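Structure record follows, encoded as structure tokens.
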There are 2 protein chains.
Amino acid sequence: MLQPEQKQAARAIVERLTEPCAHCDARHLSVCQAVEDPYLEQLAALVTTIELAPHDTMVTEGDPAGHYFNITYGTVKIYKLLPDGRQQIIGFSFAGDFVGLSVRENYAYSVEALTPARACRFDRKRLEGLLTKFPKIEHQLRSQTSDELAIAQDQMLLLGRKTAKERVASFLLQLSHRAKRLGQPANPVVLTMGRADIGDYLGLTIETVSRTFTKLRAEKLIALGANNTVHLELNALSELSGAWN
Amino acid sequence: MLQPEQKQAARAIVERLTEPCAHCDARHLSVCQAVEDPYLEQLAALVTTIELAPHDTMVTEGDPAGHYFNITYGTVKIYKLLPDGRQQIIGFSFAGDFVGLSVRENYAYSVEALTPARACRFDRKRLEGLLTKFPKIEHQLRSQTSDELAIAQDQMLLLGRKTAKERVASFLLQLSHRAKRLGQPANPVVLTMGRADIGDYLGLTIETVSRTFTKLRAEKLIALGANNTVHLELNALSELSGAWN
DNA sequence: CGACTTATTGAAGGTCTTCAACGCGTGTGG
DNA sequence: CCACACGCGTTGAAGACCTTCAATAAGTCG
């Protein structure tokens with residue numbers, strides 16, 4: 001027979017299935033915060049939850065853009081390819097991040113899971129239909145898009161003008177800031193992506209990333225721990241990264 | 001006494017001053033197309049026209065973001081600086097382009113005129129106030145922001161993974177496409193910015209840009225004409241640029 | 001015309017890349 | 001249980017591309 005805690009857990013699972021949004025862990029982080037509880041069911045009606053294993057593809061560049069996604073667990077990479085296979089990672093997305101914000105007819109990038117991951121999938125057409133009813137969502141989408149634009153612009157500065165050391169320092173600080181924003185500890189950060197993906201994000205090769213980590217460790221700006229944990233010397237890294245202060 | 005054409009010109013000027021938006025050359029290109037004629041005056045009420053000479057600063061990174069701008073004439077550059085003076089140009093804006101789309105409290109970049117330029121300046125707070133009345137504008141702003149995001153992502157691919165030659169080829173094609181979109185000839189493009197700014201846009205130095213132009217000319221992919229005009233071998237450049245087709 | 005800015009070209013140098021080898025941890029099958 | 005393969009990260013050596021430093025040429029404007 002079920003123990004009380006088990007009963008509770010079972011009920012929670014059922015509720016998640018029937019009212020997924022009301023219990024969404026990522027809700028306060030995302031567009032969905034624009035919708036008040038009583039209207040959540042309208043949002044829930046056009047949501048599917050999807051599960052991804054590492055290397056699973058969520059979105060393929062060039063395909064018709066039929067869905068928006070809200071990552072609720074794990075890490076995914078958003079990337080573009082050149083015809084000869086060179087890859088540029090546009091960004092990593094974690095729980096709470098919205099993916100697929102384009103207004104265009106086709107996706108301009110591919111999205112792939114790096115870790116086991118979960119996401120809410122919104123039908124784009126139907127979500128667009130809700131916008132007149134919930135203008136707050138449109139505003140939320142714009143706000144989100146605008147934030148992403150600002151991040152992209154920072155990354156352009158990084159890719160165009162920073163040295164390898166500055167790039168890696170900036171990257172580690174990004175992870176730290178993101179963790180803090182999500183209410184997690186800012187300091188030991190966990191690398192949920194490999195060296196290859198860090199390289200493709202920073203416009204460097206695997207080897208340069210590795211060498212740069214080694215140098216930063218030698219200078220005691222970082223310490224590599226177990227399980228891809230990295231302890232950061234936040235102030236020194238911030239100085240290095242070219243932050244304005 | 002005034003000739004008929006002069007009279008007509010004078011009347012046009014007066015109308016421009018009293019109903020700036022109705023006669024805006026850039027209107028069909030910008031957010032303003034979301035507002036129907038009868039409501040234009042509400043938009044016009046919060047607009048100021050500003051004139052800029054080359055090197056005039058329109059926006060300074062870090063300043064409170066009080067205005068949106070719509071370029072109606074000339075070329076401006078949008079850029080970010082590192083503390084030591086390294087510069088990354090985020091983009092060039094021409095007639096019809098909207099500048100300052102951020103949702104944040106402070107500008108994340110500076111904007112400076114490269115040529116004599118003109119712009120419509122919108123009070124941000126007051127424009128935001130109109131959004132509930134004209135939800136179309138909010139949508140238009142989101143759409144515009146989303147387009148800029150897609151452009152920024154393309155540029156990240158360029159900065160992170162393309163060679164100097166590919167970067168310059170991509171840049172020239174950008175200019176060509178933009179000209180076509182504005183209904184101007186796609187082929188001989190005019191460079192309204194200097195080598196230094198092209199370099200700061202492409203993540204290269206002046207010298208590399210110059211050398212790359214020379215190489216492209218030697219390979220007959222471009223021909224440099226008078227007045228900063230460049231004739232393009234569109235197909236060959238497109239091949240070179242890493243475009244997908 | 002002469003001073004200034006901007007573009008081009010050359011030579012040397014540096015940072016990052018490429019190619020290659022090695023170490024480490026994990027998982028699987030004999 | 002161990003051997004071995006495989007993926008991933010690290011390190012070394014050589015090389016390439018772009019940068020830096022420097023000089024010259026071309027264009028602009030008073």
Side-chain angles (χ1 to χ4, degrees), chain A residues 53-55 75 77 82 84-88 114-115 158-172 190-219 222-230 240 242, chain B residues 53-55 75 77 82 84-89 114-116 158-172 190-219 222-230 240 242:
Chain A
H55 303 294
T75 307
K77 68 171 175 182
L82 286 173
D84 65 359
R86 279 173 288 173
Q87 178 178 126
Q88 177 64 40
L114 297 180
T115 66
L158 180 150
L159 292 170
R161 288 298 178 223
K162 289 188 182 178
T163 65
K165 216 158 151 185
E166 291 167 338
R167 291 181 200 203
V168 173
S170 300
F171 170 66
L172 292 170
V190 179
L191 302 180
T192 53
M193 66 296 288
R195 297 287 185 273
D197 287 325
I198 296 175
D200 282 339
Y201 180 56
L202 299 179
L204 301 171
T205 59
I206 297 185
E207 295 92 329
T208 303
V209 173
S210 183
R211 279 187 248 272
T212 307
F213 270 100
T214 304
K215 272 181 208 152
L216 290 175
R217 197 180 40 184
E219 297 169 14
I222 64 173
L224 304 180
N227 295 111
N228 300 310
T229 290
V230 186
L240 227 185
Chain B
H55 303 295
T75 307
K77 67 172 176 182
L82 286 172
D84 64 1
R86 277 173 290 172
Q87 177 178 126
Q88 178 63 39
I89 294 182
L114 297 180
T115 65
L158 181 151
L159 292 170
R161 288 297 178 225
K162 289 188 183 178
T163 65
K165 217 158 150 186
E166 291 167 338
R167 292 182 199 202
V168 173
S170 301
F171 171 67
L172 292 171
V190 180
L191 303 179
T192 53
M193 67 295 289
R195 297 288 186 273
D197 287 325
I198 296 174
D200 283 339
Y201 179 57
L202 299 178
L204 301 170
T205 59
I206 296 185
E207 295 94 329
T208 302
V209 172
S210 184
R211 278 188 248 271
T212 307
F213 270 101
T214 303
K215 272 182 209 152
L216 290 176
R217 197 181 38 185
E219 297 169 15
I222 63 174
L224 304 179
N227 295 111
N228 300 309
T229 289
V230 187
L240 226 186

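All of these numbers come straight from a predicted model, not from anything done at the bench. A, B, ... follow the sequence lines: proteins, then strands. Residue 1 opens every chain.
Going from atom CG of B:Asn227 over to atom C1' of D:dA26 covers 14 Å, rounded to whole Å. Between B:Asp84 atom CG and D:dT20 atom C1' the separation is 15 Å, expressed in whole Å. When rounded to the nearest whole Å, the span between CZ of A:Arg167 and C1' of C:dT15 equals 11 Å. Atom NZ in A:Lys162 sits about 18 Å away from atom P in D:dT19, given to the nearest Å. Remark: C1' of C:dC16 and CG of A:Leu159 are 14 Å apart, rounded to the nearest angstrom. Taking atom CG on A:Leu202 and atom P on C:dT15, their separation rounds to 18 Å, with Å as the unit. Summarising the geometry, the separation between CG on B:Leu204 and P on C:dT15 is reported as 18 Å, rounded to the nearest angstrom. Protein atom CD of B:Gln87 is 15 Å distant from nucleotide atom P of D:dT19, rounded to whole Å.
In this structure, A:Gly203 reaches the sugar-phosphate backbone alone: every heavy-atom distance under 4.0 Å involves primed, P, OP1 or OP2 atoms, never a base.
Place B:Lys165 and A:His55 on DNA chain D by their nearest nucleotides, and A:His55 ends up nearer the 5' end.
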Counting primed atoms plus P, OP1 and OP2 as sugar-phosphate and everything else as base, spell out the protein contacts along nucleotides 9-14 of chain D at 4.0 Å heavy-atom distance: B, S or - for each nucleotide, 5' to 3'.
SBBBB-

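Of the possible donor and acceptor atoms, one in the side chain of B:Thr115 sits under 3.5 Å from a partner among the backbone N and O of B:Thr75. In terms of modelled atom types and a separation under 3.5 Å, the side chain of A:Arg161 and the main chain of B:Leu204 share a donor-acceptor contact. Side chain of A:Arg195 to backbone of A:Glu207: no donor-acceptor contact under 3.5 angstrom is found.
The shortest distance between side-chain heavy atoms of B:Met193 and B:Asp200 does not fall below 4.5 Å. A heavy-atom distance below 4.5 Å is not found between the side chains of A:Leu158 and B:Gln88. Taking the side chain as every heavy atom from C-beta outward, A:Leu114 and A:Thr192 never approach each other to under 4.5 Å. The closest side-chain heavy-atom distance from B:Leu172 to B:Phe213 is below 4.5 Å. Taking the side chain as every heavy atom from C-beta outward, A:Lys215 and A:Val168 never approach each other to under 4.5 Å.
Inter-axis angle, ends of the helix from C:dC1-D:dG30 to C:dG30-D:dC1, five pairs per end, rounded to 10 degrees: 30°.
Within the model, atoms CG of B:Leu191 and CG of B:Asn227 stand 11.0 Å from one another, a figure rounded to the nearest 0.5 Å.
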